[in-house]
Each structure stands twice: as C-alpha cells, then as structure tokens.
Amino acid sequence: MNQLSERKYIIIGVFILVGLIYISRLFYIQVLDDSYKLDAQNQAFRYTTEFPIRGYIYDRNNKLLVYNEAAYDLMVLPKNVKNIDTMDLCSLLGITKEQFLKKMKKATQSPNSPRKESIFEKQLSPKDYASLQERLYSFPGFWVQSRTLRKYPKKIAAHMLGYIGEADKRITEKNPYYKEGDYLGISGIEKTYEKVLRGKKGMHIIMKDVNNRDMGSYMNGLYDTAAISGLPLTTTIDADLQEYAEQLMQNKIGSVVAIDPSTGEILAIVTSPTYDPNLFVGRARNKNFVELSLDSIGKPLFNRSTMASYPPGSTFKLIMALIGLNEGVLTPETRYPCARGYPPLGGRPKCHAHPSPQNLEGAIGTSCNSYFSFVFKSVIDDKKYHDTYKAYANWRDIATSFCLGTKTGSDLAHELRGNVPSINYYDKVFGKGSWKASTVISLGIGQAEMGITPLQNANLVAIIANKGWYYTPHIVKAINNNANDTILDRFKVKHYTKIKDTAIYNMVIAGMAKAVEGGTASALKIEGIPYCAKTGTAQNPHGKDHSVFVCFAPKDNPKIAIGILIENAGFGSTYAGPIARLMMEKYLKGKITRPDLEKRMLETDLIHKGKNEVKK
Amino acid sequence: MRSKSNNSIFHNIDWITVLTYLVLVLMGWLNIYAAVYNEEHHVITDISQKYGKQLIWISTSLLIALIILIIDENFYTAFAYFIFGAILLANITVPFLGREVKGSRSWFRFGDFGIQPAEFMKFAANLALAKFLSNQNIKIADYKNTFISLLIIGIPLIIIKVLQDETGLAIVFVAFIFTLYREGLSVNYLLLGFLAIILFVLALLINNLYLFIIIAALCTVAFLFVKRNRKNLFIIAAVGLIACSMVRGTSAVYEHMEDHQKVRIDVLLGRGTVDLKKEGYNVNQAKIAIGSGGFFGKGYLQGTQTKYDFVPEQDTDFIFCTVGEEWGFLGSSLVIILELFLIIRIIFMAERQRSPFSRIYGYGVASILFFHLTVNVGMTIGLAPVIGIPLPFFSYGGSSLWSFTILLFIFIKLDSHRLQILR
C-alpha cells in the first residue's frame with residue numbers, strides 16, 4: 001500500500017507540469033506575442049479619420065494662391081446595402097446600372113470586402129451631392145465623407161505649387177502616417193512643405209461588435225484625437241509678376257526665374273509651357289494628366305526651372321571674368337585677339353564678328369568667345385600652381401562656390417545638381433595626365449559638359465548683384481504668418497563665394513552696365529532705372545541656340561535679379577532680353593512704358609512654327 | 001465545548017477548500033457579468049440576464065452544499081450504488097423523456113430552467129467507483145476487478161456519448177484513470193494510453209509508412225539492449241504490433257469521427273489549411289481575446305473581444321477568454337493557480353483519509369476537476385482540441401455548478417469525518 005501512496009507524487013507532478021505548461025503558453029501569447037493585440041484592434045475597433053484642413057498658400061502680398069473646396073466621396077459598406085432602389089441611386093449619380101454593378105463588385109471583392117468600407121464614387125460634384133444628400137437615408141450602407149480639394153484662383157505657378165495626389169501602397173509602406181487614399185503633396189511646395197500644410201489627422205476609435213455595429217467611442221474617447229488644421233504658407237512669389245511672366249512666356253519653351261538678391265526670395269519662377277493647376281483636381285484629373293503628358297514638344301509637365309540642365313553659355317563668362325580678375329591673371333585692360341574664334345586652336349571655339357582686340361568691358365559687351373578662352377587658359381596654366389590639375393581644382397572650387405554643380409538647397413521640390421566637370425571625370429574621358437587647358441577650353445565660355453538649371457542661373461546673377469554672397473533661393477517667406485519659423489532658418493544664412501573682393505565684382509558689373517547703356521541690350525533700357533545685363537546665346541546640340549539673358553536692377557541696391565532662357569530662340573536680345581526687361585519694369589515700376597514690346601512678346605509664338613513668326 | 005463543536009455540521013470542515021471554492025465561484029460570477037455585459041441591464045442581480053441567473057445557481061449551490069454537510073456521511077457509502085443506478089437511469093431515459101433543445105437531447109426542462117443529468121453522473125460514478133474499490137477484498141491488479149472498474153467508468157461514458165451525443169460530458173470519465181492509477185492500476189495501462197495519444201497525433205501528421213518503419217526500428221533497437229530471452233522478445237513484439245495497429249486504427253477512428261470533430265483536431269494540429277473565418281474561428285478568436293489582454297489585462301468590463309461577441313460561448317465554455325482579456329496574464333495565471341491549488345489540496349486531503357472510500361472519492365474529485373481545467377483552458381489557448389466542457393466553478397450554468405458543488409462538498413463532508421474508522 002505504501003508503494004501505491006508514492007504514486008501521489010507522480011500524479012501531483014503531472015498536474016503541476018500541465019499547469020506550468022499552460023502558464024508558459026499564456027505568457028507567450030499574452031506578453032511576448034503582440035500579433036493578437038493587433039488582431040484584436042483590427043477586429044473590434046473602427047478607426048474613423050477626421051481629415052484636417054490643408055493649409056492655404058498665399059503670395060508675398062497675401063494674395064490667395066491656393067485654397068480648399070469641399071468635395072464629397074460617396075462611401076459604401078456593401079454588407080449593409082439592403083433593399084435599395086438601384087435605379088434611383090443610379091439616376092442621382094448619373095451612372096448606368098452596369099456601372100453601378102461594376103462599382104459594387106469592386107467594393108465587394110478583394111482587396112475590399114463586404115465588411116470593409118470603400119469609396120463608391122469619388123468627388124461628387126456639389127450639385128450631385130445636394131440632390132443625393134436629401135435621399136441618402138433611403139440607401140442604407142451608403143454615406144458621404146467630406147474631403148477637401150485644392151483650388152487655384154489665379155491658375156499660375158503650377159510647377160512651383162505642385163499638386164497633391166492619393167497615397168498609394170508604396171507611400172503607406174514608407175510612412176505609416178498615410179493610409180491608402182489619403183491626399184498628400186506629390187510635387188512642388190505641396191511636397192516640400194507637406195508636413196506643415198497637411199496638419200494632423202484626427203482619429204476617433206469606435207468600438208464595433210462582431211456584426212460590425214457601432215458600440216460607441218472607445219474608453220469614452222480617451223484615445224481619440226482631434227484633427228489639427230494645416231498651417232498657411234506665405235510664399236515669396238509676387239503673383240502679379242508671376243502671372244505677367246507666364247503670359248510673356250506663353251508659346252515659348254523655357255524658363256524665367258526672378259530673385260530678390262537682398263533676401264534670396266524667389267519673386268517669380270516660370271516654366272513654360274505650363275498648365276492650369278486646376279486641371280489636376282477632381283475627377284478629370286487622370287484624363288488631364290494623360291493629355292498633358294502626351295505633349296511631347298512642349299512637355300508641360302517637365303519643370304524646366306529646376307529640372308532642366310542647360311549649358312550656362314554666356315552667363316558663365318561673367319564668372320570666368322571674376323575668376324581671372326581674382327587670380328590676378330586678368331585686368332580690366334587686358335586685351336586678347338579674336339579671329340572669329342580662338343586663334344591658338346585655329347579658330348575654335350568659334351566667335352562672331354566684332355572689333356578686336358578688345359578689353360574686358362568690350363569682351364563682356366560682345367560676349368567674345370576667344371577672349372574668355374584666353375582667360376580660361378591663363379587661369380588653368382597659371383604658373384603659381386605649378387600644376388594644371390591644381391589650377392583646375394582651384395578654378396572648379398571657385399566656380400562651384402557660386403552654387404554650380406550642386407543643388408541650391410532651395411525649398412522647391414526636385415532640383416537638379418547641374419554639372420561642373422571634375423578632374424576625375426576628365427581623367428576618365430581623356431586619361432590621367434593627358435588633358436590640359438586647351439583640351440577643355442570651351443569650359444571657359446560655359447559650354448562643354450557644363451550644366452546649369454535656370455534657378456542656379458538666376459542665383460548666379462543674384463550673387464554678382466550682391467557682389468559675392470547669396471541667400472539660398474527660396475519660395476516660402478512665412479509659415480502660419482511667422483517669418484521666424486525655425487524651418488526657414490536656413491534661408492537666413494549668408495553664403496559667400498570664394499571671391500570676396502567687391503572691387504572685382506564692380507569691374508564685371510561695370511561691363512554689364514555698359515551692355516545696357518551702349519551694348520547688346522541698349523535697345524532695352526528702362527527709363528529712370530539703370531540696370532546691368534548680359535545677353536547671350538547658349539549653343540546646344542539640339543538645334544538653334546538658346547536665347548539667354550541675365551540682368552539685375554537697379555544697378556545700385558538691386559531689388560530683382562532675373563535669369564531667363566528660351567530654348568532654340570537665337571539671340572538673347574531678341575526674346576529673352578525683352579521679357580526680362582518687361583518683368584523688371586513691371587516689378588519695380590508697376591507699369592509698362594513699352595506696350596509695343598509687350599505686345600510683340602505676348603504675340604510671339606515659337607512653338608507653333610509658321611504662325612505669328614516675328615520678323616526681326 | 002467539544003461536544004458542541006462535534007455536533008456542528010461545520011466541525012472539522014476544511015475551510016481552505018471551502019474558501020477557495022467560494023473565491024472561484026465569485027470570480028466566475030464577475031466574469032460572466034463581464035462576458036455578457038449589457039448596458040441596458042447593468043444590475044448584476046438582474047435575473048433576466050445570465051449573471052442574474054447565475055446568482056440563483058450560486059445561492060442554490062450553497063444551499064445544496066449545506067444540505068450535503070447536514071446529511072450523515074454514511075449515507076454516501078450506503079447509497080453509492082443506488083445513487084449511481086438512479087442517475088444512470090435518468091441518463092438513459094433523458095433522450096426519450098426530455099425535451100429536445102437546440103438539437104440536444106440531454107436536458108430535462110422545468111419551465112425556464114433545465115437540468116442535465118449527465119452532469120450528475122460524475123459524482124455518482126465517483127461514488128460507485130469508490131465503493132467498489134474500497135471493498136477490502138478487491139485488488140485492482142486483478143483483471144476482473146480492473147474490468148469492473150472500467151465498466152463503472154465506461155457505461156456512463158458510452159450512454160452519454162451514444163444516447164445523448166454529448167462528447168464533452170462523456171469524455172470526462174476518462175479522468176478516472178488517475179484514480180485507478182493511484183489505487184494500483186498497472187502503470188502499463190497509463191503508458192499504453194499515453195502511447196496511443198502520441199501515435200494518434202503522429203499518425204495524423206506523418207505518413208503512416210514512415211511511422212511503421214520508425215516503430216520497427218525502435219523495436220529492433222530495444223531488442224538489442226535488453227536481455228535476449230523469449231519473454232522480452234514477446235513483449236517487444238507485442239508492443240510493436242500494438243503500436244502498428246494503433247497507427248492503422250488512427251485513420252479508421254479519424255474517418256469515423258464526425259466532421260466537426262475532425263476539423264477540431266485538424267485545427268489543433270495545424271493540419272491542412274485552416275480557414276479562420278470558419279472552422280478555425282472559435283480557437284482563433286479565443287486566442288485573440290486572451291492574447292490581446294497583455295500582462296495586466298484591459299481592465300474589468302473593458303474587454304472588446306468578449307463583450308462584443310467575437311468569442312462564441314464566452315460565458316460558458318470560453319469563459320476563460322474573458323479572464324484572459326480583461327485580467328491579462330496576471331489574472332489568467334491566477335485562475336489556473338487557484339484551480340490547481342484546489343485540486344492539489346484535494347489530493348492532499350485524500351491522502352490523509354483513513355477510509356479508502358474517502359480517499360478514492362477524493363482522487364476522483366481531483367481527477368475530474370483537473371480534466372476539466374486541462375481541456376477547458378487548453379482549448380482556448382490552442383493546446384487541446386475544442387471539447388465543450390465547462391471550467392469548474394467558473395462557467396455559466398446551473399447543472400455544472402450544482403454538479404461540481406455536489407462533487408466537492410460530498411468530499412468535504414467525508415473529509416470532516418476523516419478520523420473515523422474505516423468504512
């Protein structure tokens with residue numbers, strides 16, 4: 001018998017063992033494994049989102065550029081759709097029965113399901129909404145969720161403002177703040193200032209039971225959050241100037257950027273051809289998007305002002321002059337010959353007919369290719385560096401300090417870096433040690449591999465206007481009417497170039513002033529406002545030269561610096577110059593004294609060839 | 001003084017057991033309230049709701065407990081077989097005399113209330129088994145006596161399963177194997193049972209041919225390690241053959257099962273693809289409810305999964321989900337510990353009995369409670385197949401609470417007279 005009573009230990013042992021296994025298992029599923037908690041939340045909670053109002057956008061004078069308009073999405077929960085008059089609903093929505101069935105099918109099938117709410121009809125027109133609203137009670141399972149759509153009263157600055165779109169899977173995976181179908185900024189400042197503009201979504205947790213019935217607010221709303229509206233942005237854009245520039249640029253391919261050099265504020269940034277930003281809103285959006293992307297000549301979706309890389313051409317000669325003067329290999333009185341080209345290399349790069357030899361002022365005025373090839377060679381072959389590569393490195397160093405070959409760091413979305421070729425690059429192309437100044441001579445006139453965006457181009461002018469420094473060009477002046485928002489701090493830092501002597505700049509500025517007084521831009525004077533300019537052409541392999549014009553005004557205490565480029569339009573003074581001139585006058589005087597010039601520019605059509613071609 | 005306390009029905013009562021019982025019953029009641037919580041009927045005593053009804057069951061249970069304590073302890077030994085016979089008869093007749101409720105034929109209905117005689121078969125069989133095994137002339141090792149013991153267990157099992165189709169209520173009788181083991185049943189039976197379970201699981205998971213090869217290999221290896229005589233060879237061959245026939249039998253048993261039972265086994269073993277919206281729904285929802293409780297739980301009445309009916313049968317068989325969700329790991333392990341504490345306390349008490357009848361009965365109580373605990377909690381956390389049996393003292397239901405109360409308090413009564421001579 002005693003032996004049998006020993007068996008109690010085995011029995012107790014088995015009981016305790018089972019208890020321990022169960023407690024361990026509980027510890028695993030309750031404490032270690034989080035998946036059940038997520039499952040529970042997904043099942044028992046319905047998260048309803050309160051969408052915040054997206055921030056408005058204003059121009060520098062508080063003119064409204066972007067506001068919101070209410071839109072209504074018709075939502076459906078297929079499980080709850082019962083006994084509805086389908087024909088009635090179809091006629092209210094203006095759809096056919098087939099379309100209705102197709103939409104219902106879509107809402108029922110994966111990834112949707114009968115128990116999951118989804119959008120049945122997107123962005124009802126206010127009229128449809130009004131008539132539907134009264135009858136909604138008779139369509140159980142359907143309800144309306146209000147959303148906001150962007151509206152653009154002025155129809156300008158489409159590329160700069162950018163557009164908003166729906167978050168897709170790629171975005172939601174990267175940033176869990178967004179749920180599929182949420183709106184967010186896709187391009188332009190809608191993208192760069194997304195976090196400021198979007199505000200914060202509100203979240204309400206509604207408990208639901210197994211039959212998907214609402215069981216009230218979870219914990220009496222303890223974990224609910226209210227939506228916080230997005231903040232308004234004040235941009236640096238002058239809406240009037242922007243609109244005017246867009247009008248002048250219509251039917252021309254190119255870009256204009258105007259900057260206030262004293263602040264780095266972008267006054268106007270035009271990409272042409274452009275489009276009405278309202279086209280990207282509402283139900284016609286996809287159709288319009290496709291139409292615009294099919295225009296392969298104008299490429300209206302291509303944001304040239306920050307995304308196109310052009311050879312800087314004549315503009316770069318100004319930098320070349322600055323570097324030459326700074327290195328001491330050039331004085332204002334240095335004269336170089338020109339034989340319709342650069343004589344040492346048998347007339348390459350080519351040049352046009354003009355008096356020769358001439359001094360620096362004359363060379364800037366006539367944009368002499370030979371002259372600046374000489375300057376480039378003297379900089380690269382400068383004996384004080386003993387070594388071509390060291391001299392080249394120094395040249396490149398100074399050139400890039402003018403914000404070339406690097407993003408400006410502006411708050412415009414999607415910027416190209418541009419290009420100032422590196423030593424490594426030429427080593428790869430020509431072989432190490434087997435290239436010299438004459439191999440890459442066309443760098444001196446801003447050609448060869450050099451690339452610059454119109455934004456960098458305008459910034460370059462601003463730097464010369466400021467005589468050696470710049471603020472990072474930017475498009476937003478104030479957030480929520482606060483100009484001191486820390487996000488904007490980086491636009492208040494002065495950046496200096498590697499050339500600091502203002503006297504050097506004065507010599508170049510004098511040349512630019514001469515161009516207006518009695519040079520290539522003399523036909524474009526503005527009464528009472530002496531300004532500085534440089535006309536130019538940029539050779540390019542794709543056809544006729546680009547028409548280039550850079551300028552700033554007034555000469556002293558400049559308030560506006562403009563860089564303009566019109567593709568394949570020829571001489572700078574023909575199209576680019578007049579447009580820049582009109583813009584300066586508009587901005588500084590508020591009125592136009594050359595209606596003839598204005599009319600000519602407005603009517604010029606360089607896209608639709610054969611029509612309205614302006615005679616020289 | 002002494003004589004007074006001797007006369008008291010509470011004399012020598014094991015208060016620790018009674019207290020544990022009361023705590024469990026009270027916790028069960030609070031959790032039933034939470035499981036079927038209804039804003040419109042928030043008074044816990046509202047008898048239109050299950051928690052109100054449970055209060056009736058609890059008070060009547062206490063009344064029953066009191067009556068059991070009042071009845072002379074010798075009544076249970078004397079009438080053990082009679083009670084067994086009477087309740088067996090009730091179980092046989094219920095499918096014919098009882099009213100069918102929701103397809104179940106195991107209920108006697110009295111107006112609004114129902115009684116399930118199968119619940120009371122447990123204590124009756126326990127009494128009968130104790131009576132039989134406590135007979136001084138009985139040696140369980142005797143095959144004849146083993147057979148009779150198995151009959152006392154098996155007859156109710158078969159009647160309840162076959163006549164009433166209540167698998168859960170029937171399978172509980174397997175628990176008596178612990179009693180028999182304690183009373184001298186050869187350990188081989190337990191090992192054989194254990195082997196059967198393991199082989200059943202393996203046969204469903206692994207290709208049977210491989211299993212035969214493995215068994216043959218194991219037998220060969222075993223034969224190399226024991227003394228090579230005729231007896232050992234015979235034993236190993238017999239075990240091997242039995243094992244193989246168990247494997248063969250598995251598919252026959254499995255195929256013979258009802259579909260929902262097959263599915264429950266498949267869900268437990270993770271065989272094939274389990275559709276969480278259909279056959280896997282119960283267990284998955286139970287796990288979600290318990291798992292989402294975390295360490296501290298969501299708080300009393302704050303459980304969303306149980307309160308909003310995601311978990312089926314949350315007030316009865318799946319009551320443990322409410323505990324797990326609202327009281328978290330702390331609460332649910334406390335419940336397991338309390339139940340186990342009670343069970344082990346009962347074993348401890350059983351071992352201190354002078355009378356074999358009391359001891360055997362005590363083991364029966366512990367075994368039945370343990371079986372219920374293991375299966376009920378096990379199915380909610382995916383460690384046991386879904387079998388509809390209640391969590392002792394916790395689940396909603398009059399019959400089960402009465403049945404457990406009777407089972408336990410007869411033992412408490414017997415224990416209070418433990419110093420008396422052998423019965």
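Since this is a predicted model, take the numbers as computed values, not measurements. Throughout, a chain's letter reflects where its sequence line sits, starting with A, and its residues are numbered from 1. All values below come from the heavy atoms of this structure, side chains included, with hydrogens, waters and symmetry mates left out.
The shortest side-chain heavy-atom distance between F348(B) and K8(A) does not fall under the 4.5 Å cut-off.
Residues of residues 15-39 of chain A that come closer than 4.5 Å to chain B, counting heavy atoms only, are F15(A), I16(A), V18(A), G19(A), I21(A), Y22(A), I23(A), R25(A), L26(A), F27(A), I29(A), Q30(A), V31(A), Y36(A), K37(A), D39(A), ordered by residue number. Along residues 337-346 of chain B, the residues that come nearer than 4.5 angstrom to chain A, judged on non-hydrogen atoms, are I337(B), L340(B), I343(B), I344(B) in order of number. At a heavy-atom cut-off of under 4.5 Å, chain A is reached by no residue from residues 191-198 of chain B.
For the set A289(B), S332(B), G293(B), G299(B), the count of heavy-atom pairs under 4.5 angstrom toward chain A peaks at S332(B). Comparing N284(B), I288(B), I336(B), L383(B) by how many heavy-atom pairs each has under 4.5 Å with chain A, the most go to I288(B).
One distance of note links OH of Y363(B) with CZ of R7(A); it measures 11.0 Å at 0.5 Å rounding. A distance of 11.0 Å separates CD1 of I10(A) from CZ of R182(B), quoted to the nearest 0.5 Å.
The environment of I53(A) atom CD1 is sparse: at most 12 non-hydrogen atoms of other residues, nucleotides or ligands sit within 6.0 angstrom.
In this structure, chain A has a heavy atom under 4.5 Å from the side chain of F320(B), while its backbone stays farther away. The part of I347(B) that comes within reach of chain A is its side chain, from C-beta onward, which places non-hydrogen atoms under 4.5 angstrom from that chain. For chain A, the nearby parts of F295(B) are the backbone and the side chain; heavy atoms of each come within less than 4.5 Å. For I290(B), the parts lying under 4.5 angstrom from a heavy atom of chain A are both the backbone and the side chain.
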Can I get a per-line list of side-chain donor-acceptor pairs under 3.5 Å for residues 196-203 of chain A, giving both atom names and the distance, sequence neighbours left out?
from    : atom 1 : to      : atom 2 : distance (Å)
R198(A) : NH1    : Y178(A) : OH     : 2.7
K201(A) : NZ     : Y177(A) : O      : 2.8
K201(A) : NZ     : D182(A) : OD2    : 2.5

